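Data first, discussion second: the structure below is written as structure tokens.
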Amino acid sequence: MTLLRMPYKYIVIMGLWLLVGCTSTHYVYKQSHIISHPYPAPRLDSSTKHAYLHAVNTMRSHGRHCGNLGYFPSAPRLQWNDSLYHAAYEHSADMLANHAFQHKGSFGDSDWTAKVQHLGRASNFKERIENNGYKKWKRLAQNIASGMSTVQETMQQWKQSEHHCANIMNPVFTDFGMAHTKNRGERFSDYWTQNFAAHQ
């Protein structure tokens with residue numbers, strides 16, 4: 001079952017609230033009229049990009065049960081996509097700026113896509129992905145998380161949540177981007193976003 005919006009999963013570990021959430025769509029793509037204005041995300045160094053790709057592809061390389069959603073066999077490796085990274089960074093930065101945890105944008109100054117596309121409302125993850133240049137898609141999904149400081153910890157929480165696990169293991173997806181933002185002056189302010197996509 002494909003869900004447009006999933007309720008957040010709240011996981012308590014050692015007294016800290018760790019948050020994970022996911023959403024996905026398999027709409028038939030319709031020609032986008034968006035003129036892309038990509039978010040000015042910082043350049044990601046090759047070692048961080050490799051760590052993100054390695055983490056997700058290692059999980060996909062082994063079959064696993066994703067809770068009540070059943071068994072998922074191993075899936076092909078994903079490839080990095082800069083448009084998906086820029087959309088992921090945009091959303092992680094927006095959540096961090098507003099201390100929010102949700103898939104929709106804030107509709108504030110940091111909701112880049114809502115602002116540059118003059119939406120008059122908060123952006124959604126499909127619009128952010130298209131605004132950042134990934135347009136001709138046949139399926140999209142997004143995982144978000146907050147509270148973990150490393151990619152290994154974050155992947156572990158997604159692995160334990162059936163719908164996040166299913167997004168990661170979905171063999172339809174071919175392209176991937178992931179981003180992490182953190183306010184160094186505050187504790188437990190890490191925000192993570194994964195975007196998955198497949199072209200038509």
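Computation of the quantities below employed the complete heavy-atom set of this structure, encompassing side-chain atoms and omitting hydrogens, waters and symmetry-equivalent molecules. What you see is a predicted model, and the numbers here were worked out from it, not measured in a lab. Counting begins at 1 with the first residue of the sequence.
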**OP:** Report yes or no: does Asp111 contribute a side-chain atom to a donor-acceptor pair with the main-chain N or O of Ala122 at less than 3.5 Å?
**Re:** no
Original post:
Which pair of heavy atoms, one from Ala197 and one from Leu140, lies closest together, and at what distance?
Top reply: CB-CD2, 3.6 Å
**OP:** To the nearest 0.5 angstrom, please state how far the CZ atom of Arg60 sits from the CZ atom of Phe176.
**Re:** 9.5 Å
Original post:
To the nearest 0.5 Å, what is the distance between CZ (Phe196) and CH2 (Trp137)?
Top reply: 16.0 Å
Subject >> Non-neighbouring partners of His199 that pass ring pair (Phe, Tyr, Trp, His ring centres under 6.0 Å), sequence neighbours left out >> reply: Tyr134
Original post:
If every non-hydrogen atom of Asn131 is compared with every non-hydrogen atom of Ile35, which pair is closest and at what distance?
Top reply: OD1-O, 4.0 Å
**OP:** Could you tell me whether the side chain of Tyr89 reaches within less than 4.5 Å of the side chain of Leu44, counting heavy atoms only?
**Re:** no
Subject >> Pairwise distance CD(Gln194) to CE(Met178) - rounded to 0.5 angstrom >> reply: 4.5 Å
Subject >> Counterpart residues, side chain to side chain donor-acceptor pair (under 3.5 Å), relative to Ser149 (two or more places apart) >> reply: Glu153
Original post:
Minimum heavy-atom separation for Ala88 to Gly177, with atom names?
Top reply: CB-O, 4.2 Å
**OP:** Quick one: sort the Trp112 and Tyr39 rings into parallel, tilted or perpendicular, breaks at 30° and 60°.
**Re:** perpendicular
Original post:
Can you find a side-chain donor-acceptor pair between Ser189 and Asn183 that sits under 3.5 Å?
Top reply: no
Subject >> Given His164, Lys159, His163, the one that forms side-chain hydrogen bond (donor to acceptor under 3.5 Å, both in side chains) with Ser161 >> reply: His164
Original post:
Any chain of hydrophobic side-chain contacts (each under 4.5 Å) joining Phe107 to Ile34?
Top reply: no
**OP:** Could you give me the CA-CA distance, side-chain angles and deciding distance for Phe125 and Thr193, then say whether side-chain contact (heavy atoms from CB on, under 4.5 Å) is met?
**Re:** CA-CA 10 Å; Phe125 85 109; Thr193 303; over 6 Å; no
Subject >> Straight-line distance of His65 NE2 to Met169 CE, nearest 0.5 Å >> reply: 11.0 Å
**OP:** Taking all non-hydrogen atoms of both residues into account, name the closest pair between Met148 and Ala145 and its distance.
**Re:** CE-CB, 3.7 Å
Original post:
Do Trp158 and Val151 share a hydrophobic cluster (ILVMFWY, side-chain heavy atoms under 4.5 Å, transitive)?
Top reply: yes
**OP:** Compare all side-chain heavy atoms of Phe101 with those of Ile144 and state whether any distance is below 4.5 angstrom.
**Re:** yes
Subject >> Close side-chain approach of Lys138 to Val172, heavy-atom, < 4.5 Å >> reply: yes
Original post:
So, for Cys66 and Ala166, which heavy atoms are closest and what is the spacing to 0.1 Å?
Top reply: SG-N, 3.7 Å
**OP:** Please test Gln117 against Glu130 for side-chain contact (heavy atoms from CB on, under 4.5 Å), starting from the C-alpha separation and ending with a verdict.
**Re:** CA-CA 11 Å; Gln117 295 298 331; Glu130 290 184 357; over 6 Å; no
Original post:
Yes or no on side-chain contact (heavy atoms from CB on, under 4.5 Å) for Met59 and Cys165, after CA distance, side-chain angles and deciding distance?
Top reply: CA-CA 9 Å; Met59 184 168 165; Cys165 173; 4.0 Å; yes
Original post:
How many angstroms lie between atom CD of Gln157 and atom CH2 of Trp192, to the nearest 0.5 angstrom?
Top reply: 12.0 Å
Original post:
Just how far is it from atom NE2 of His180 to atom CG of Leu96, taken to the nearest 0.5 Å?
Top reply: 8.5 Å
Subject >> Within 6.0 angstrom of Asp45 CG, more than 12 heavy atoms from elsewhere >> reply: yes
Subject >> Between Asp94 and Ser110: side-chain donor-acceptor atoms closer than 3.5 Å >> reply: yes
Subject >> 4.5 Å side-chain heavy-atom contact, His91 and Gln142 >> reply: yes
List, one per line, each side-chain donor-acceptor pair under 3.5 Å for residues 69-79, sequence neighbours excluded.
unit_1, atom_1, unit_2, atom_2, d
Gln79, NE2, Asp175, OD1, 2.6

Subject >> Taking every non-hydrogen atom, the tightest pair across Tyr191 and Ser146 >> reply: CE2-OG, 3.5 Å
Original post:
Would you say Ser83's side chain and Asn132's backbone share a donor-acceptor pair under 3.5 angstrom?
Top reply: yes
**OP:** Answer yes or no: is there a side-chain heavy-atom contact under 4.5 Å between Lys135 and Ser36?
**Re:** yes
Subject >> Enclosure of His37 NE2 (heavy-atom neighbours >12, cutoff 6.0 Å) >> reply: yes
**OP:** Walk me through it: do Ile168 and Met155 pass the test side-chain contact (heavy atoms from CB on, under 4.5 Å)?
**Re:** CA-CA 10 Å; Ile168 292 169; Met155 290 296 297; 4.0 Å; yes
Subject >> Pair Arg128-Thr113, side-chain donor/acceptor within less than 3.5 Å >> reply: no
